[in-house]
Novice: 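Have a look at the structure that comes next, please.
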Amino acid sequence: MQFELKHTAVGTKARAGFITTDHGTVETPIFMPVGTAGSVKGIHKRDLKDDIKAQIILGNTYHLYLRPGLSIIEQAGGLHKFNGWDGPILTDSGGYQVFSLGDIRKLSEEGAKFQSHIDGSAHLFTPEKVMDIQRVIGADIIMAFDECTPGDAEYDYARKSMEMTQRWLDRCINQFEKTSPMYGYSQSLFPIVQGAVYPDLRETAARNVLQYNSDGYAIGGLSVGESEKDMYAMIEVVNEILPEDKPRYLMGVGTPVNILEGIERGIDMFDCVMPTRNGRNGMLFTQKGIMNMRNKKWADDFSLVDIDGTSFVDHHYSRAFLRHLVISGEMLGAQIASQHNLAFYLWLVGEARKQILANTFTSWKEEMVQQLSVRL
RNA sequence: GGGGAGAUACCAAAGUGGCCAACUGGGGCAGACUGUAACUCUGCUGGCGUACGCCUUCGUAGGUUCGAAUCCUGCUCUCCCCA
């Protein structure tokens with residue numbers, strides 16, 4: 001994997017670049033749709049590519065390991081062959097599940113013991129095992145196994161957690177170097193910077209990852225309960241330290257505003273379930289603000305879903321019909337909303353890129369931020 | 001024509017003397033959702049009020065009682081069975 005930094009907007013940290021993998025090139029800043037179980041929920045790959053213009057998607061180690069299981073994925077020839085997405089893929093390591101499945105997992109120095117959310121069976125994830133699994137899944141970019149520290153963690157817990165993530169990273173790197181890609185294309189391993197909301201911990205963690213000279217670096221443990229102010233402050237602390245010539249991935253973020261704020265602070269890659277999950281729950285993100293399609297006000301609004309939108313669905317369905325679908329629990333409602341939201345997110349980062357290249361990012365971003373959180 | 005059952009809020013359906021403005025489900029209205037245990041979760045849903053509260057409700061008209069959705073009587077309507 002190669003990263004080419006093409007331009008940094010004058011007077012800002014906002015950057016535009018290219019990430020080149022063996023499955024194609026990604027223009028940054030980029031948003032990566034989340035396809036936890038190998039599919040971006042409700043979206044055909046044709047629409048993902050041609051309509052939404054996704055360039056890279058996510059998969060999840062924990063979920064794919066549990067189902068369909070490694071044997072099937074290996075027989076398929078890796079995740080790309082299995083799900084039919086021939087562009088770049090990134091897999092998360094299961095570190096987030098250490099956080100989100102808190103009730104049914106046990107942490108130790110060795111790793112994390114999970115109880116499957118599917119059948120309750122016990123599974124041990126160690127840094128080594130997570131590397132092996134991600135070799136089998138075969139994503140272009142794979143993530144280190146970390147503990148995603150909760151946003152409200154006390155200093156002492158956050159420090160110990162961050163230090164364990166560092167030791168786990170060392171084991172991940174070792175295992176990664178001992179093993180090889182299985183399907184004839186290369187894989188890159190991204191370390192993850194933790195440290196909760198404590199600047200000195202973030203600084204320590206950011207300096208620690210530099211020793212590995214990785215192809216890219218991620219910032220994790222944000223948007224997990226801390227304030228947005230803290231989140232932005234942590235991004236600033238970490239990006240001050242991460243090298244300019246490597247991509248920076250802000251994990252799990254976020255709202256359209258969060259993404260613009262992240263880009264302004266030098267982030268290149270984002271992923272979030274928000275456009276798909278909130279879409280399934282009836283929420284639409286648009287340039288003019290947020291629409292809750294379940295609200296009665298849309299019931300007789302026969303105008304197009306989003307006149308400014310770039311997606312097919314924006315111009316071929318009315319708001320009234322979409323509301324009817326959402327209210328009725330029709331599958332198509334969730335699909336339309338997801339497709340719209342993803343297309344909007346990809347439009348947003350694509351437009352940000354243009355503005356960066358034209359050195360007009362800051363003023364454009366300020367204007368967008370005003371609009372984006374308006375409730376329509 | 002004979003026998004039986006029943007009428008409760010938008011719908012369905014509990015409640016059969018005070019703990020009832022009335023369980024519960026649906027529907028409706030609103031909110032949440034950030035590296036997906038999520039097409040999920042939460043709140044509200046007679047009127048007025050921020051609220052303690054006040055007012056009007058359980059087919060309808062009367063009655064019994066300190067007190068009635070609950071007991072009694074008349075009326076209206078619905079459903080089921082037999083002819």
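Predicted model only: the values in this text are computed from it and were never measured.
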Novice: Using a heavy-atom cut-off of under 4.0 Å over every strand shown, decide if Arg375(A) touches base, sugar-phosphate, or nothing.
Specialist: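 Sugar-phosphate, no base atom in range.
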
Novice: Under 3.5 Å for both donor-acceptor distances, Watson-Crick or wobble: does U64(B) have a partner, and if so which one?
Specialist: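 Pair assignment: U64(B) / none.
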
Novice: Within the pair Arg323(A) and C29(B), is there a side-chain N or O less than 4.0 Å away from OP1 or OP2?
Specialist: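 The answer is yes; a side-chain N or O of Arg323(A) sits under 4.0 Å from OP1 or OP2.
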
Novice: Which one, A30(B), A37(B), U34(B), comes nearest to the side chain of Asn295(A)?
Specialist: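 Shortest atom-to-atom distance from the side chain points to A30(B).
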
Novice: With no angle test and no hydrogens, is the base of U36(B) tied to the side chain of Ser100(A) by a donor-acceptor pair under 3.5 Å?
Specialist: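 Side chain to base: no pair present.
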
Novice: Out of A30(B), A38(B), G35(B), which nucleotide sits closest to the side chain of Leu58(A)?
Specialist: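 For the Leu58(A) side chain, the nearest candidate turns out to be G35(B).
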
Novice: Using atom OH of Tyr249(A) as one end and atom P of U34(B) as the other, report the distance to the nearest whole Å.
Specialist: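 Spelled out: OH on Tyr249(A) to P on U34(B) is 15 Å.
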
Novice: Tell me what Ile327(A) touches on the nucleic acid: a base, only sugar-phosphate, or nothing, going by heavy atoms under 4.0 Å.
Specialist: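 Contact class for Ile327(A): sugar-phosphate only.
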
Novice: Considering only side-chain heavy atoms of Met283(A), which listed nucleotide, U36(B), A30(B), C33(B), is closest?
Specialist: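 Nearest to the side chain of Met283(A) among the choices is C33(B).
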
Novice: Please give the nucleotide sitting opposite G1(B) as a Watson-Crick or G-U wobble pair, both distances under 3.5 Å, or none.
Specialist: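 Partner of G1(B): C82(B).
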
Novice: Ignoring hydrogens and geometry beyond distance, is the side chain of Asn258(A) in donor-acceptor contact with the base of U34(B) at under 3.5 Å?
Specialist: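 Under the 3.5 Å cut-off, the side chain and the base do form a donor-acceptor pair.
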
Novice: Distance check: side-chain N/O of Arg294(A) vs OP1/OP2 of U42(B), anything under 4.0 Å?
Specialist: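 False: Arg294(A) side-chain N/O out of range (4.0 Å or more) of U42(B) OP1/OP2.
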
Novice: Hey, does the side-chain of Asp146(A) have a donor or acceptor N/O within less than 3.5 Å of a partner on the base of G35(B)?
Specialist: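 Indeed, a donor on one side and an acceptor on the other fall under 3.5 Å apart.
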
Novice: Would you mind classifying the nucleic acid contact of Ser116(A) as base, sugar-phosphate or nothing, using non-hydrogen atoms under 4.0 angstrom?
Specialist: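 Here Ser116(A) touches no strand at all.
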
Novice: Is the charged tip of Arg265(A) near the ring of Tyr232(A): under 6.0 Å from the six-membered ring centre and within 45° of its axis?
Specialist: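 Judged by the rule, Arg265(A) and Tyr232(A) form a cation-pi pair.
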
Novice: Let me know, please, whether Glu330(A) or Asp271(A) comes out on the 5' side of the other along RNA chain B by nearest nucleotide.
Specialist: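 Nearer the 5' end of the strand: Asp271(A).
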
Novice: Does Gly221(A) reach a base, just sugar-phosphate, or nothing at all? Heavy atoms under 4.0 Å.
Specialist: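 The answer is base, as Gly221(A) lies within the cut-off (heavy atoms under 4.0 Å) of a base atom.
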
Novice: If U36(B) has a Watson-Crick or G-U wobble mate with both distances under 3.5 Å, name it; if not, just say none.
Specialist: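 Partner of U36(B): none.
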
Novice: Please name the nucleotide paired to G27(B) by Watson-Crick or G-U wobble geometry with both distances under 3.5 Å, or report none.
Specialist: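 With both distances under 3.5 Å, G27(B) matches U45(B).
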
Novice: Scan side-chain atoms only and decide if Thr20(A) and Gln2(A) contain a donor-acceptor pair under the 3.5 Å cut-off.
Specialist: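 Looking only at side-chain atoms, Gln2(A) and Thr20(A) do not form any donor-acceptor pair under 3.5 Å.
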
Novice: Can a cation-pi geometry be assigned to Arg105(A) and Tyr62(A), taking NZ or CZ under 6.0 Å from the six-membered ring centre and within 45° of the ring axis?
Specialist: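 Not satisfied by the 6.0 Å and 45° rule.
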
Novice: Can you check whether Asn292(A) has a side-chain N or O nearer than 4.0 Å to OP1 or OP2 of G31(B)?
Specialist: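 For G31(B), OP1 or OP2 has a side-chain N or O of Asn292(A) closer than 4.0 Å.
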
Novice: Is it the case that C33(B) (base atoms only) and Asn281(A) (side chain only) share a donor and an acceptor within less than 3.5 Å, ignoring hydrogens and angles?
Specialist: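 Checked by distance alone, the answer is yes.
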
Novice: Heavy atoms from C-beta onward define the side chain here; which of U36(B), C39(B), U34(B) lies closest to that of Thr36(A)?
Specialist: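 That would be U36(B).
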
Novice: When we call it a touch if two heavy atoms are under 4.0 Å apart, what does Gln97(A) touch: a base, just sugar-phosphate, or nothing?
Specialist: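 Sugar-phosphate contact only - Gln97(A) comes under 4.0 Å of backbone atoms but never of a base.
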
Novice: Students often get this wrong, so: under 4.0 angstrom with heavy atoms, is Glu228(A) touching a base, only sugar-phosphate, or nothing?
Specialist: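 If one applies the 4.0 Å heavy-atom cut-off, Glu228(A) turns out to touch a base.
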
Novice: Of all the heavy-atom pairs spanning His316(A) and Leu304(A), show the shortest one and how long it is.
Specialist: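 Reported closest heavy-atom pair: N-CD2, 4.4 Å.
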
Novice: Reckon Arg277(A) has a side-chain N or O less than 4.0 Å from the OP1 or OP2 of U34(B)?
Specialist: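 Checking U34(B) against Arg277(A), a side-chain N or O does come within under 4.0 Å of OP1 or OP2.
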
Novice: Tell me whether the OP1 or OP2 atom of U34(B) has a side-chain N or O from Ser223(A) closer than 4.0 Å.
Specialist: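 No, because none of the side-chain N or O atoms of Ser223(A) sits under 4.0 Å from OP1 or OP2 of U34(B).
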
Novice: Within 45° of the axis and under 6.0 Å from the centre of the six-membered ring of Trp364(A), does NZ or CZ of Lys354(A) qualify?
Specialist: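 Lys354(A) over Trp364(A) ring: no.
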
Novice: State whether the number of non-hydrogen atoms from other residues, nucleotides or ligands found under 6.0 Å of Glu366(A) atom CD is greater than 12.
Specialist: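 Count over threshold, so yes.
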
Novice: Taking the side chain of Thr255(A) as heavy atoms from C-beta outward, which of G28(B), U34(B), G35(B) is closest to it?
Specialist: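 Nearest listed nucleotide: U34(B).
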
Novice: Under 4.0 angstrom, heavy atoms only, what part of the nucleic acid is Gln335(A) near: base, sugar-phosphate, or nothing?
Specialist: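 Touches nothing.
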
Novice: Look through every strand shown and name the nucleotide pairing with A9(B) as Watson-Crick or G-U wobble, where both distances are under 3.5 Å.
Specialist: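 Its partner is none (no Watson-Crick or G-U wobble pair with both distances under 3.5 Å).
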
Novice: What is the pairing partner of C75(B), taking Watson-Crick or G-U wobble pairs with both distances under 3.5 Å in any strand?
Specialist: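 G59(B) - that is the nucleotide pairing with C75(B), both distances being under 3.5 Å.
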
